[in-house]
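Below: one structure, written as structure tokens.
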Amino acid sequence: MGITVDAKGPYINFHFGTAYVSESLKAAVRPGYGSLPKKETRVVLEHTSANPNGPLHVGHIRNSIIGDTLARAFRKAGYRLEVQYYVNDMGRQIAIVAWGFEHLDSAHVAGEKEDAHIARVYIAANREIDKDPSITQQVDRLMQLVESGDSETVKKFQREVSRCLDGFAVTLKALNVQHDRFVWESDFIRNGDTRRVISRIEKLPQARHDETLALDLEEFGFKNPYVIRRSDGTSVYAARDLAFHFWKAANFDRVIDVLGADHKLIAAQLQCTMKLLGQKAPEIVHFEFVSLPEGSMSTRAGKFVSADDLITEVRKRAFDEVTARRPELDEGVRTAISQSVALAAIRYDIVKVSPEKSTVFDWKEALNFERQSGPYLQYAHARACSILEKAGQFTECYDLETDQEIALAKKIAKFPVVIDRVVTELHPHLLATYAHELADTFNTFYHFEPVLKSEGTVRDRRLTLVSAMQNTLKETLLTLGIDAIRTM
RNA sequence: GCCUCGGUAGGGUAGUGGACAUCCUAGAAGCCUCCGGAGCUUUUGACCCGGGUUCGAAUCCCGGCCGAGGCGCCA
């Protein structure tokens, strides 16, 4: 009854007997199915970390959704996980924002979201700089003041950055994306970590002391020097990033960063340098860019589709859809359902594509709730819930017979393997593919095999199967950060 | 110019060495006697090009072409 094996041509076929499938099903009806054994490994996962100079756009949230889905998968796989957002509070872009608030008409407009306000000032300041390049010197001055710890300027930077982060928090909450800790880049200057890392780098044989301090990584295939310190003595982003990763390497067993494709080179240089310093190098999940049909996005040029606009539009469309289907429900209930549906649509649409594929943002796809979409998955779940509710009490039965039953049970049994693959391969889209396969298999089963209308042990075993499917799909959706609503 | 990542039916997409290449969309034909049709069935249609490795390549290697991203004091 277990697993039988035979050879056919060049293939070895394993036949999973009913005993094997039954065991899996018994686990699948229990709460928390798919969770792997607890591990002692401490993992730190950094994602999103967008510069606080304007609202999150549809490119940034690809990072957020890939990162948050991975985070959920790691927790499901039993790891001790901390999720971090690295706040860039001392870059040139923030200095430009600070300059803009000081020199331009930057009053807050009533009803304007904080991050949108920052973007408006940032875009205006860039326009001024284009007109009068000498402003750059004033911006440089601000950066030097921050690096030297001038409290007035530091406060000014942090005030604007905090406001922008408040805006991000609203967006990320709407997307069901969570961080455990916000790590501020400037802390690595203040606590001396950056200085200490630089002094270690100075001692490396690859160090080059000209006006700048840089590493010559040509032996590792990097043509250009990796600059650590500017000629005016201030540190560059790379130096603080090294300090940050030093700290992560010291406190965690596994360090994972989710970064955009534009970071490929600097991330590789960072990995290389960490190794030279005898430290654990981060594992990096790169995702390729999301562009618009008219070209690439740019915060600076004000050319982007903001995540907030996307959320608003998808929620509107979802509300109309729910209202058309369930007019009898209270408006409050319809609003709640449509928010869950919108969340599912957005997250699934983004996570289903493998990270290494560059994409073009498409409103039509984002607003589609059929078939290969998050709402389709939610619908399959809601249907299963409805069947179980109507069924009432039944006796669990694990002896399956028909092809449809067995196909569904096998799909259910695969779930823990999928969780494991997601965290070992760092491929969150596998979970999306699995969720769709599971819902598809269920829909086919549902079409051919009557559940409530069958009788005796046939009814029992099919209800058991529906129950296992509902629980498995629920766990899959939760790992995808999608609400497993019972009705919609 | 150099480096990195992609190139799978009309459009989008899964698939890192093996059995008729996944799914969505689009086109065609069906299914409301149905437990919620955001559904189901059947069907049309694809591995960029050229070499190589292998018993066997969408998958690995080399060279093209196309797309995205990057290339010392930006982040």
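Only heavy atoms go into these numbers, but all of them, side chains included; no hydrogens, no water, no symmetry mates. By convention in this document, chain letters (A, B, ...) are assigned in the order of the sequence lines, proteins followed by strands, and residues within each chain are numbered from 1. These figures come from a predicted structure and were not determined experimentally.
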Ring-face cation of A:R317 near A:F369 (centre distance under 6.0 Å, axis angle within 45°):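 Geometry flag: set, cation within 6.0 Å and 45°.
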
Could you tell me if A:R459 sits above the aromatic ring of A:F394, with its cationic atom closer than 6.0 Å to the ring centre and no more than 45 degrees from the axis? no

Got a sec, which residues hit side chain to side chain contact (heavy atoms under 4.5 Å, CB included) with A:R326, two or more places apart in sequence or on another chain?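 Only A:E328, A:L329, A:T487 meet the side chain to side chain contact (heavy atoms under 4.5 Å, CB included) criterion with A:R326.
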
For A:A439, check side chain to side chain contact (heavy atoms under 4.5 Å, CB included) against everything at least two apart and list the hits.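 With sequence neighbours excluded, A:A439 shows a side chain to side chain contact (heavy atoms under 4.5 Å, CB included) to A:Y376, A:L377, A:A380, given in chain and number order.
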
When the [atom1] atoms of [M] and [N] are compared, how many Å lie between them, rounded to an integer?
{"N": "B:U43", "M": "B:U25", "atom1": "C1'", "answer": "16 Å"}
{"N": "B:G39", "M": "B:C48", "atom1": "P", "answer": "30 Å"}
{"N": "B:A26", "M": "B:C65", "atom1": "P", "answer": "37 Å"}
{"N": "B:U42", "M": "B:G36", "atom1": "C1'", "answer": "25 Å"}
{"N": "B:U16", "M": "B:C55", "atom1": "P", "answer": "23 Å"}
{"N": "B:C35", "M": "B:C24", "atom1": "P", "answer": "24 Å"}
{"N": "B:C20", "M": "B:G45", "atom1": "C1'", "answer": "16 Å"}
{"N": "B:U4", "M": "B:G51", "atom1": "P", "answer": "25 Å"}

Heavy atoms only, 4.0 Å cut-off, all strands: where does [X] land among base, sugar-phosphate and nothing?
{"X": "A:D440", "answer": "sugar-phosphate"}
{"X": "A:H429", "answer": "sugar-phosphate"}
{"X": "A:Q269", "answer": "nothing"}
{"X": "A:I266", "answer": "base"}
{"X": "A:A382", "answer": "base"}
{"X": "A:M143", "answer": "sugar-phosphate"}
{"X": "A:R486", "answer": "base"}
{"X": "A:V353", "answer": "sugar-phosphate"}
{"X": "A:E365", "answer": "nothing"}
{"X": "A:T487", "answer": "base"}
{"X": "A:F369", "answer": "base"}
{"X": "A:S296", "answer": "sugar-phosphate"}

Mind listing the closest non-hydrogen atom pair of [X] and [Y] along with its distance?
{"X": "A:M274", "Y": "A:P282", "answer": "CG-CD, 4.4 Å"}
{"X": "A:Y85", "Y": "A:A50", "answer": "OH-O, 2.8 Å"}
{"X": "A:N53", "Y": "A:C164", "answer": "N-SG, 4.1 Å"}
{"X": "A:T472", "Y": "A:A468", "answer": "OG1-O, 2.7 Å"}
{"X": "A:Y226", "Y": "A:T273", "answer": "CE2-OG1, 3.2 Å"}

Under the side-chain contact (heavy atoms from CB on, under 4.5 Å) rule, what do A:L477 and A:H381 come out as? Steps first, then yes or no, please. CA-CA 9 Å; A:L477 290 174; A:H381 178 262; 4.3 Å; yes

Mind jotting down which residue pairs meet the salt bridge (Lys or Arg N to Asp or Glu O under 4.0 Å) criterion with at least one end in residues 84-100 of chain A? Sequence neighbours excluded, please. A:R92-A:D140

How should the glycosidic conformation of B:G72 be described, syn or anti, under the criterion that syn lies within 90° of 0? syn

Who pairs with [N] - Watson-Crick or G-U, where each distance is under 3.5 Å:
{"N": "B:G69", "value": "B:C3"}
{"N": "B:U53", "value": "none"}
{"N": "B:G30", "value": "B:C40"}
{"N": "B:U13", "value": "none"}
{"N": "B:A21", "value": "none"}
{"N": "B:A46", "value": "none"}

On the nucleotide [N], are OP1 or OP2 found under 4.0 Å from the side-chain N or O atoms that [X] carries?
{"X": "A:Y446", "N": "B:G37", "result": "yes"}
{"X": "A:S354", "N": "B:A14", "result": "yes"}
{"X": "A:S231", "N": "B:C73", "result": "no"}
{"X": "A:R92", "N": "B:C74", "result": "yes"}

Round to the nearest Å and state the distance from [X] atom [atom1] to [N] atom [atom2].
{"X": "A:I485", "N": "B:G36", "atom1": "CD1", "atom2": "P", "answer": "16 Å"}
{"X": "A:K352", "N": "B:U13", "atom1": "NZ", "atom2": "P", "answer": "9 Å"}
{"X": "A:Q404", "N": "B:C35", "atom1": "CD", "atom2": "P", "answer": "18 Å"}
{"X": "A:N368", "N": "B:C23", "atom1": "CG", "atom2": "C1'", "answer": "13 Å"}

Compare the minimum distances between each of [options] and the side chain of [X], then state the nucleotide with the smallest one.
{"X": "A:N443", "options": "B:C24, B:C73, B:C40", "answer": "B:C40"}
{"X": "A:Y376", "options": "B:C24, B:C74, B:G39", "answer": "B:G39"}
{"X": "A:Q372", "options": "B:G37, B:C73, B:C23", "answer": "B:C23"}
{"X": "A:K390", "options": "B:G36, B:G69, B:C23", "answer": "B:G36"}

Listed pairs, N/O of protein and of nucleotides 5-9 of chain B, under 3.5 Å:
{"residue": "B:C5", "atom": "O4'", "partner": "A:K264", "partner atom": "NZ", "Å": "2.9"}
{"residue": "B:C5", "atom": "O2'", "partner": "A:E356", "partner atom": "O", "Å": "3.2"}

Verify, without hydrogens or angle tests, whether A:H245 (side chain) and A:D241 (backbone) share a donor-acceptor contact under 3.5 angstrom. yes

Mind jotting down which residue pairs meet the side-chain hydrogen bond (donor to acceptor under 3.5 Å, both in side chains) criterion with at least one end in residues 363-374 of chain A? Sequence neighbours excluded, please. A:R371-A:D440

Could you list the protein-to-nucleotides 41-46 of chain B atom pairs, N/O on both sides, closer than 3.5 Å?
{"residue": "B:U41", "atom": "OP1", "partner": "A:T444", "partner atom": "OG1", "Å": "3.4"}

